[in-house]
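Here is the structure we will look at.
Chain A is the first sequence line, chain B the second, and so forth, proteins listed ahead of strands; every chain is numbered from 1.
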There are 2 protein chains.
Amino acid sequence: MEVKLPTFNSVFSIDCVIFGFEAGELKILLIERNEEPFKDWLALPGYIVEQDESIDDAAERILYELTGLRDLHMQQFHTFGEVNRHPQGRVITVAYYALIRINGQKEVKPVTQYAKSAFWHPVNELPKLAFDHTEIFETGFNKIRRRLNYQPIAFELLPEKFTLTQLQSLYEAVLNKKLDKRNFRKKMLSYGFLKELDEKQKGVSYRAAKLYKFDRRKYTKIFQNDLNLDK
Amino acid sequence: MEVKLPTFNSVFSIDCVIFGFEAGELKILLIERNEEPFKDWLALPGYIVEQDESIDDAAERILYELTGLRDLHMQQFHTFGEVNRHPQGRVITVAYYALIRINGQKEVKPVTQYAKSAFWHPVNELPKLAFDHTEIFETGFNKIRRRLNYQPIAFELLPEKFTLTQLQSLYEAVLNKKLDKRNFRKKMLSYGFLKELDEKQKGVSYRAAKLYKFDRRKYTKIFQNDLNLDK
DNA sequence: ATATAGTGTGTCAAATTTACACCATTAAAT
DNA sequence: ATTTAATGGTGTAAATTTGACACACTATAT
């Protein structure tokens with residue numbers, strides 16, 4: 001019995017939840033749509049996959065086109081396939097997240113005309129988003145909240161050199177709760193993957209804090225066993 | 001600007017990793033394919049999604065058609081979208097897992113002709129599988145291994161009434177390591193979601209063990225805060 | 001009766017987690 | 001020069017959790 005593949009049966013898209021951290025606040029990247037449906041609405045950056053690109057490649061391309069951001073480490077987290085999630089027909093979407101340092105990043109700006117603008121928006125008090133993007137965001141946020149505990153994702157959000165207070169306030173923003181300063185530091189430093197630098201914070205009008213770096217080599221050495229459990 | 005959706009751009013399928021537990025061994029459900037490509041190969045149960053069904057619905061339908069199993073609680077865990085994962089063209093697949101009690105289950109048997117047979121196979125010493133199904137299996141196995149620690153999935157694999165030794169041997173099979181009997185029991189019982197029954201094991205030629213039940217109501221009460229973090 | 005196979009139980013040491021408060025340092029303001 | 005405002009940086013003790021460890025009990029089969 002020989003069976004040939006059916007012709008294509010779905011439209012396939014990617015949506016991205018891009019987290020950034022700035023001024024002690026967790027933010028995500030939104031775009032203002034320039035197309036129907038949901039023209040002028042705010043939405044997650046997302047678009048349709050081409051036939052000859054893997055979904056991981058598509059995610060990178062689409063994010064670039066809508067925001068100008070490149071070379072992020074994006075990770076798939078869920079696929080949304082309700083029949084009616086797109087008003088014009090069957091569209092299945094794979095959602096990705098990435099975490100980036102906003103600091104010093106040149107301004108985000110769409111490269112194509114599908115979006116009018118792109119900008120950072122605090123994750124608290126998000127407006128209504130197009131399609132089922134609010135649900136996609138929630139799912140992604142829950143994912144990284146959980147992963148924060150077993151993946152070194154915090155360091156992707158911070159500048160290369162950071163203070164322990166910055167690190168803590170990031171944890172607090174993601175987990176949405178206060179942490180104890182002394183315990184937090186003790187714990188973080190005990191892992192042994194933070195490298196204390198000889199440098200201090202600059203430009204602050206109070207006692208400057210020591211700067212630290214994330215040492216990925218040490219991290220993977222320490223956690224090599226656990227690492228494979230993820231994907 | 002009005003843009004209409006492109007015509008369909010991909011073939012979209014579902015693959016299922018169905019775990020069962022029998023005789024102290026963790027198993028998954030495989031089928032023998034009856035179609036090219038990979039005719040006669042062993043594969044995960046999987047097939048193509050229809051246009052008018054959600055992916056969750058499709059997963060249930062496809063599993064039923066290939067194995068005769070119904071009403072499992074299936075959960076999506078990853079989407080595989082490499083361009084060349086299917087030799088005949090672009091096929092994106094969403095992988096689902098489910099866990100079921102093999103015990104007393106009537107024999108698995110394909111309902112359609114796409115599979116010649118369906119059967120349980122121990123997860124150790126799996127043969128080569130069709131397509132990228134070995135990778136899909138590995139990813140799924142890692143997923144449930146991790147979820148075992150924060151989701152009550154173990155109880156889906158056991159009969160309704162089970163002994164603590166059975167529960168422990170399931171944990172050992174999934175985590176692939178020996179656990180300490182006394183510590184395991186102490187811990188499990190301390191959670192408070194296991195209900196001790198007045199019944200004992202029957203038909204064993206040694207001291208019969210007490211039977212327990214998983215009390216889902218208590219479980220959700222205890223862990224209501226953590227629950228939302230998953231999806 | 002006895003051999004067999006698995007059930008069921010407690011303690012102590014070590015490690016981890018939690019709670020908790022004050023002095024030090026710097027720049028800016030006076 | 002002094003004060004103020006803001007944050008940096010540090011230790012200890014109690015409570016909790018984890019981990020290591022061994023033997024008597026019970027039901028059945030012979």
Looking at dG8(D), I'd like to know if its phosphate oxygens (OP1 or OP2) sit under 4.0 Å from a side-chain N or O belonging to T165(A).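 Checking T165(A) against dG8(D): at least one side-chain N or O falls below 4.0 Å of OP1 or OP2.
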
Distance below 4.0 Å between R185(A) side-chain N/O and dG9(D) OP1 or OP2: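 The answer is yes; a side-chain N or O of R185(A) sits under 4.0 Å from OP1 or OP2.
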
Below 4.0 angstrom, N of the basic side chain to O of the carboxylate: do R101(B) and E156(B) qualify?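 No, no charged N to carboxylate O under 4.0 Å.
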
Between K195(A) and D215(A), does any NZ, NE, NH1 or NH2 come within less than 4.0 Å of an OD or OE carboxylate oxygen?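 Between K195(A) and D215(A) there is no salt bridge, as every charged N stays at least 4.0 Å from the carboxylate O atoms.
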
Without decimals, in angstroms, what is the distance between [X] [atom1] and [N] [atom2]?
{"X": "Q168(A)", "N": "dT7(D)", "atom1": "CD", "atom2": "C1'", "result": "12 Å"}
{"X": "K181(A)", "N": "dT7(D)", "atom1": "NZ", "atom2": "P", "result": "10 Å"}
{"X": "L189(A)", "N": "dG8(D)", "atom1": "CG", "atom2": "P", "result": "14 Å"}
{"X": "K187(B)", "N": "dG19(D)", "atom1": "NZ", "atom2": "C1'", "result": "11 Å"}
{"X": "Y206(A)", "N": "dG9(D)", "atom1": "OH", "atom2": "P", "result": "10 Å"}
{"X": "L167(A)", "N": "dG9(D)", "atom1": "CG", "atom2": "P", "result": "13 Å"}
{"X": "N149(B)", "N": "dT18(D)", "atom1": "CG", "atom2": "C1'", "result": "14 Å"}

Anything under 4.0 Å to a heavy atom of chain A counts; send over the first and last such nucleotide of DNA chain C, read 5' to 3'.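 Listing 5' to 3', DNA chain C meets chain A from dT17(C) to dA28(C).
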
Do R70(A) and Y64(A) meet the cation-pi criteria used here (NZ or CZ under 6.0 Å from the six-membered ring centre, within 45° of the axis)?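 Relative to the ring axis of Y64(A), which defines the angle, R70(A) lies inside both limits.
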
On DNA chain D, compare the nucleotides closest to R207(B) and Q166(A); which residue's is nearer the 5' end?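 That would be Q166(A).
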
Sugar-phosphate only, base, or nothing, as touched by T163(B) at under 4.0 Å among non-hydrogen atoms: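 Result for T163(B) = nothing.
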
With a non-hydrogen cut-off below 4.0 angstrom, is K210(B) in contact with a base, only sugar-phosphate, or nothing?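 The residue K210(B) makes sugar-phosphate contact but no base contact.
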
For a quick check, tell me whether the side chain of K186(B) and the base of dG19(D) share a donor-acceptor pair closer than 3.5 Å.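 Answer is yes: a donor-acceptor pair is held.
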
Need to verify one output field. Residue with the more 5' nearest nucleotide on DNA chain C, K200(B) or S205(B)?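 Whichever sits nearer the 5' end wins; that is S205(B).
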
To the nearest 0.5 angstrom, please state how far the CZ atom of R33(A) sits from the NE2 atom of H133(A).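 Here the interatomic distance stands at 7.0 Å.
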
Indicate whether any N or O donor in one side chain lies under 3.5 Å from an N or O acceptor in the other, for E65(A) and T112(A).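 No donor-acceptor contact under 3.5 Å links the two side chains.
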
Taking atom types as modelled, is there a side-chain donor on R185(A) or T165(A) under 3.5 Å from an acceptor on the other?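 Yes.
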
Report the residue from H73(A), R147(A), H78(A), Q76(A) that forms a side chain to side chain donor-acceptor pair (under 3.5 Å) with Y97(A).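 Single pass found, and it is R147(A).
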
